[in-house]
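Notes follow once the structure below has been shown.
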Protein chains: 2
Amino acid sequence: MAKTKTRERVPRSSADPTRDRILAAAVDLFSERSFDAAATREIAARAGVTQPLLNYHYRSKDELWRAAVDSLFDLLERSMNDRVAEIGDGDELTAAKQRVREFITFSARNPQLHRLITQECKADSDRMDYLVERHVRPLYDRTVALFERLARDGAVPPVAPSHLYYILTGAGPTMFVLAPECRRLSGLDPESSEVIDAHADAVCLLLFGR
Amino acid sequence: MAKTKTRERVPRSSADPTRDRILAAAVDLFSERSFDAAATREIAARAGVTQPLLNYHYRSKDELWRAAVDSLFDLLERSMNDRVAEIGDGDELTAAKQRVREFITFSARNPQLHRLITQECKADSDRMDYLVERHVRPLYDRTVALFERLARDGAVPPVAPSHLYYILTGAGPTMFVLAPECRRLSGLDPESSEVIDAHADAVCLLLFGR
DNA sequence: GTCTATAATTAGATAGAC
DNA sequence: GTCTATCTAATTATAGAC
């Protein structure tokens with residue numbers, strides 16, 4: 001595998017370090033607990049501020065949640081774009097494999113994204129609405145279109161693309177979403193590059209045959 | 001937090017219909033929300049009783065959660081055993097495929113199980129302890145041992161069994177854990193036998209080559 | 001911008017009637 | 001066994017000092 005340069009996770013600096021610390025704490029706690037179970041007091045404490053300050057920077061807990069979600073998907077999009085820019089032009093299969101690898105690497109380094117999705121998409125709600133229509137659907141549409149082309153070329157097994165989508169988004173991130181469980185069950189460290197690369201290798205082998 | 005040491009809880013048909021209704025409501029709400037976000041008042045309402053009655057039947061919210069978890073894993077174990085009994089003796093590959101199919105079918109009909117696991121295994125806690133040591137580890141150990149034998153025979157791609165475990169437990173249930181999202185994104189109905197079978201086919205194709 | 005103090009609501013658990 | 005009434009603690013949001 002080609003040596004990739006380390007991509008820092010620098011959330012777009014909003015020129016306000018306090019806002020950024022609050023946002024980072026919100027991402028962590030909303031994804032680890034859930035919207036209702038994440039107390040604003042605890043988010044504030046992790047950000048090193050007092051609880052009422054959250055209501056100064058964000059109108060409500062709900063608005064803070066939306067800002068947290070936006071920042072996470074923004075980070076994903078920039079990571080994927082960086083990787084796409086790196087590979088330049090090659091055949092579609094090679095590009096697809098690179099996208100899958102980047103997706104898995106991102107999910108390993110930012111398990112919050114899939115934790116948030118599984119948190120909110122188990123039942124219909126306003127938050128699921130926001131998440132799906134604003135962020136997930138564009139990704140789903142692009143991924144399904146890609147799998148359709150790959151299946152036509154025989155580059156991927158003959159499986160309906162929606163199933164491939166849930167196979168990829170399940171098989172890729174689950175080991176990292178459940179990192180604490182994985183550590184205890186297997187003794188592996190899901191944060192290490194070795195394990196991340198091995199998992200990306202495994203998923204690509206299953207999906208693309210190599 | 002005092003650790004209750006209750007012995008011999010039998011979550012099967014407990015001959016007490018009220019207890020059973022409470023337990024079913026608890027399974028649904030704990031898995032859909034999370035431990036903290038699931039209000040005992042709401043569990044009671046769904047079971048058609050008043051909130052203080054939960055504390056009559058179960059010492060605390062925590063004990064109710066444990067009983068709910070036990071009943072879910074009990075159901076899984078009985079479903080897997082029934083399927084194993086059906087196939088009787090054949091080669092190990094055929095048996096393995098049957099186990100995978102049954103696991104996926106069960107996950108589709110009872111998405112609460114993986115919802116609960118992803119809920120609680122994102123961070124270390126007493127509940128994760130209970131879940132992993134009491135219920136998940138035995139399943140993990142058996143699954144990893146099976147994948148090890150299959151990989152030796154070349155029946156499964158040459159991938160470390162812990163990775164295969166998280167690929168299977170991710171790729172199998174995710175479509176059903178996120179059923180409301182899947183319905184909206186794809187238009188498919190993840191509760192229909194057609195979709196369930198198609199997903200089981202897809203995962204088996206990826207995992208076993210057919 | 002960030003704090004302290006507090007209001008309004010809701011949580012899980014208990015007491016006691018029936 | 002199931003209810004009503006209620007206690008205590010914790011929740012988000014607001015008011016107002018600095």
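To the nearest angstrom, C1' of C:dT2 lies 10 Å from CD1 of A:I22. Per the geometry, CG belonging to B:L54 stands 10 Å off P belonging to D:dC3, to the nearest Å. Look at CG on B:L53: it is 5 Å from P on D:dT2, rounded to the nearest Å. Between A:R33 atom CZ and D:dT11 atom C1' there is a gap of 14 Å when expressed in whole angstrom units. Rounded to a whole Å, the OH atom of A:Y58 is 17 Å from the P atom of D:dT14.
Relative to the side chain of B:T50, the nucleotides C:dT4, D:dC3, C:dG1 differ in distance, and D:dC3 lies closest.
Although no hydrogens or angles enter the test, the distance criterion places a donor-acceptor pair under 3.5 Å between the side chain of B:K122 and the main chain of A:S31.
The aromatic rings of B:Y166 and B:Y140 lie tilted to each other, with the angle between the two planes from 30° to 60°. The aromatic rings of B:Y130 and B:H135 lie perpendicular to each other, with more than 60° between the two planes, well past the 30° mark.
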What string of B, S and - do you get for nucleotides 5-18 of chain C 5' to 3' if you count protein non-hydrogen atoms under 4.0 Å? BB----SBBB----

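Ionic pairing of B:R66 and B:D70 is not present here: no N-O contact between side-chain nitrogen and carboxylate oxygen is shorter than 4.0 angstrom. A salt bridge links B:E133 with A:R184; the closest basic N to acidic carboxylate O contact falls under 4.0 Å.
For the OP1/OP2 pair of D:dT2 and a distance below 4.0 Å, the side-chain nitrogens and oxygens of B:Y56 include no atom meeting the criterion.
To the nearest 0.5 angstrom, B:I196 atom CD1 is 12.0 Å from B:D201 atom CG.
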